[in-house]
Amino acid sequence: INYRKMLVNLGVDVRFETCLTGFDVHDAKIRGGILNDSELLACDALVLAPGHSARDTYLMLDKHAVQMEAKGFAVGVRVEHPAELINRIQYGMFAEQLPAADYSLRYNNDETGRGVYSFCMCPGGEVINAASEAEGLVVNGMSHTSRNSAYSNSALVVSVNPEDWGQTTLGGMYFQQDWERKAFAAAGSNFMAPAQNMLAFAGKGSGPVVSSCRPGVVETDLREVLPGFVYHDIRNALPFFERKMRGFVTSEAVFIGVETRTSAPLRIRRDEKGESVSHRGLFPTGEGAGYAGGIMSAALDGLRVADLVIQAVA
């Protein structure tokens with residue numbers, strides 16, 4: 001709120017409940033943005049910094065023939081352990097004296113050429129139901145500042161490539177959407193998340209299915225909600241992860257699905273000056289534009305594009 005006040009004091013017009021629904025274009029040059037299908041906001045430069053789940057924006061860009069290209073991302077699950085267990089694995093005898101532990105795991109399947117890795121590890125956190133569309137279910141993770149939750153979680157994901165959906169520009173978005181709808185249906189709607197005990201997933205036993213994810217989870221065979229190669233590559237990676245972290249594969253751990261929004265499924269093409277290669281005056285930036293992979297890299301890309309905008313309009 002204080003940051004917003006600072007921006008307003010500097011002359012920034014902050015809009016809520018406002019959607020960019022089109023462009024005013026003349027000779028392939030952006031002259032303004034159309035807001036809520038009615039208002040024209042004229043501009044010399046339009047910085048487009050969508051989130052990587054801005055599917056309505058991607059569809060609008062495609063309609064206006066803004067050049068984009070398919071990009072790889074990753075798909076998988078959230079894995080959740082008791083935080084105390086992860087602390088013991090990482091810290092040993094000092095587990096009770098140190099902050100909640102994190103970890104980083106990576107496995108390359110030489111047969112498929114795909115990477116399997118942990119992502120966005122959340123020590124002492126919770127699994128978040130991040131559904132953003134009707135009849136679709138996607139999960140994420142977070143930690144509070146205190147990191148004192150009873151659970152720790154991380155994404156375990158497998159690389160997905162444009163070849164997996166036929167290399168069409170919007171195909172990655174539809175690929176995500178398809179598996180999110182399968183996850184919603186498998187858990188019986190009501191935005192419960194499908195989940196499976198880790199040992200059951202690995203075909204090595206069973207155990208309880210308990211998670212911090214709200215409003216709750218439904219025990220599900222995750223083969224129903226994951227691409228076959230994702231399911232098998234995660235299973236193949238588990239013995240390697242167990243060797244790296246003794247105790248990681250356990251009946252105390254649960255997989256929650258699906259994690260599909262690891263990064264943008266496409267890239268809005270831009271040149272060395274930061275402008276769209278098809279629409280001058282349009283400056284795509286950040287994670288949703290396909291030029292970053294997280295909060296810090298998106299912020300740095302925003303700074304770079306800001307400098308380029310200043311050079312363009314000066």
Side-chain angles (χ1 to χ4, degrees), residues 1-71 130-136 138 140 168-174 176-177 180 261 263-271 273-292 294-295 297-314:
I1 294 175
N2 290 335
Y3 181 64
R4 187 165 75 237
K5 288 180 178 178
M6 181 190 76
L7 293 176
V8 171
N9 290 335
L10 290 171
V12 176
D13 180 11
V14 180
R15 304 284 188 94
F16 293 95
E17 299 183 4
T18 304
C19 184
L20 177 69
T21 54
F23 300 118
D24 178 30
V25 183
H26 182 69
D27 290 336
K29 171 73 167 67
I30 297 288
R31 300 195 303 184
I34 308 298
L35 308 181
N36 293 343
D37 295 318
S38 58
E39 179 185 355
L40 171 62
L41 185 63
C43 63
D44 295 316
L46 195 159
V47 177
L48 183 64
H52 66 38
S53 299
R55 292 171 176 170
D56 56 342
T57 300
Y58 293 155
L59 292 170
M60 181 271 290
L61 294 172
D62 186 61
K63 178 181 177 182
H64 284 269
V66 174
Q67 283 198 28
M68 301 180 287
E69 59 189 5
K71 183 179 78 62
S132 60
E133 296 179 352
E135 299 185 356
V138 58
N140 205 330
T168 56
T169 302
L170 297 178
M173 182 184 78
Y174 294 127
Q176 292 173 328
Q177 204 168 44
E180 290 165 14
R261 314 277 185 92
S263 65
L266 55 80
R267 180 177 290 110
I268 306 168
R269 295 187 60 207
R270 69 187 187 194
D271 61 20
K273 296 181 180 180
E275 288 185 282
S276 162
V277 298
S278 59
H279 291 64
R280 289 177 296 117
L282 177 65
F283 291 81
T285 184
E287 191 166 4
Y291 293 96
I295 296 171
S297 57
L300 291 171
D301 190 63
L303 289 172
R304 178 174 181 270
V305 167
D307 286 337
L308 293 171
V309 170
I310 292 171
Q311 294 174 31
V313 302

Pairwise side-chain contact, [X] with [Y], heavy-atom cut-off 4.5 Å (strictly under):
X	Y	value
Asp13	Leu41	no
Arg270	Val305	yes
Arg304	Tyr291	no
Ile34	Leu40	yes
Leu48	Leu282	yes

Minimum heavy-atom distance [X]-[Y], with the two atoms named:
X	Y	result
Gly136	Ala131	O-CB, 3.4 Å
Val313	Ala45	CG1-CB, 4.1 Å
Ser278	Val66	OG-CA, 3.5 Å
Gly274	Pro284	O-CD, 3.6 Å
Pro265	Gly172	CB-C, 3.7 Å
Leu59	Tyr174	CD2-OH, 3.5 Å

If you round to the nearest 0.5 Å, how far is [atom2] of [Y] from [atom1] of [X]?
X	Y	atom1	atom2	value
Glu180	Glu133	CD	CD	6.5 Å
Asp24	Lys29	CG	NZ	10.0 Å
Met6	Leu10	CE	CG	6.0 Å
Ser276	Ile30	OG	CD1	7.5 Å
Leu170	Asp62	CG	CG	4.5 Å
Asp271	Gln67	CG	CD	11.0 Å

Flag if over 12 foreign heavy atoms under 6.0 Å of [atom1], [X]:
X	atom1	value
Asp44	CG	no
Glu135	CD	no
Ile295	CD1	no

When you measure from the side chain of [X] to the backbone of [Y], do you find a donor-acceptor pair of N or O atoms at a distance under 3.5 Å?
X	Y	result
Thr18	Phe16	yes
Arg269	Val277	no
Asp301	Ser297	no
Asn36	Cys19	yes
Lys71	Ala264	yes
Glu287	Gly51	no

Identified side chain to side chain contact (heavy atoms under 4.5 Å, CB included) counterpart of Ile268 within the set Glu69, Met68, His279: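 Of Glu69, Met68, His279, side chain to side chain contact (heavy atoms under 4.5 Å, CB included) with Ile268 is met by Met68 alone.
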Qualifying residue for side chain to side chain contact (heavy atoms under 4.5 Å, CB included) with Thr21, from Asp56, Leu35, Asp37: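 Passing option: Asp37.
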Step-by-step side chain to side chain contact (heavy atoms under 4.5 Å, CB included) determination, Leu266 to Met173: CA-CA 8 Å; Leu266 55 80; Met173 182 184 78; 5.6 Å; no
Val8 vs Val14, side chain to side chain contact (heavy atoms under 4.5 Å, CB included): CA-CA, chis, key distance, verdict: CA-CA 7 Å; Val8 171; Val14 180; 4.2 Å; yes
Selection residues 43-70 - residue pairs positive for ring-ring contact (aromatic ring centres under 6.0 Å, His included), sequence neighbours left out: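 Output for this query lists Phe23-His64.
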Distance-only side-chain donor-acceptor flag, Arg261 / Ser132, under 3.5 Å: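 Side-chain D/A pair, Arg261 to Ser132: present.
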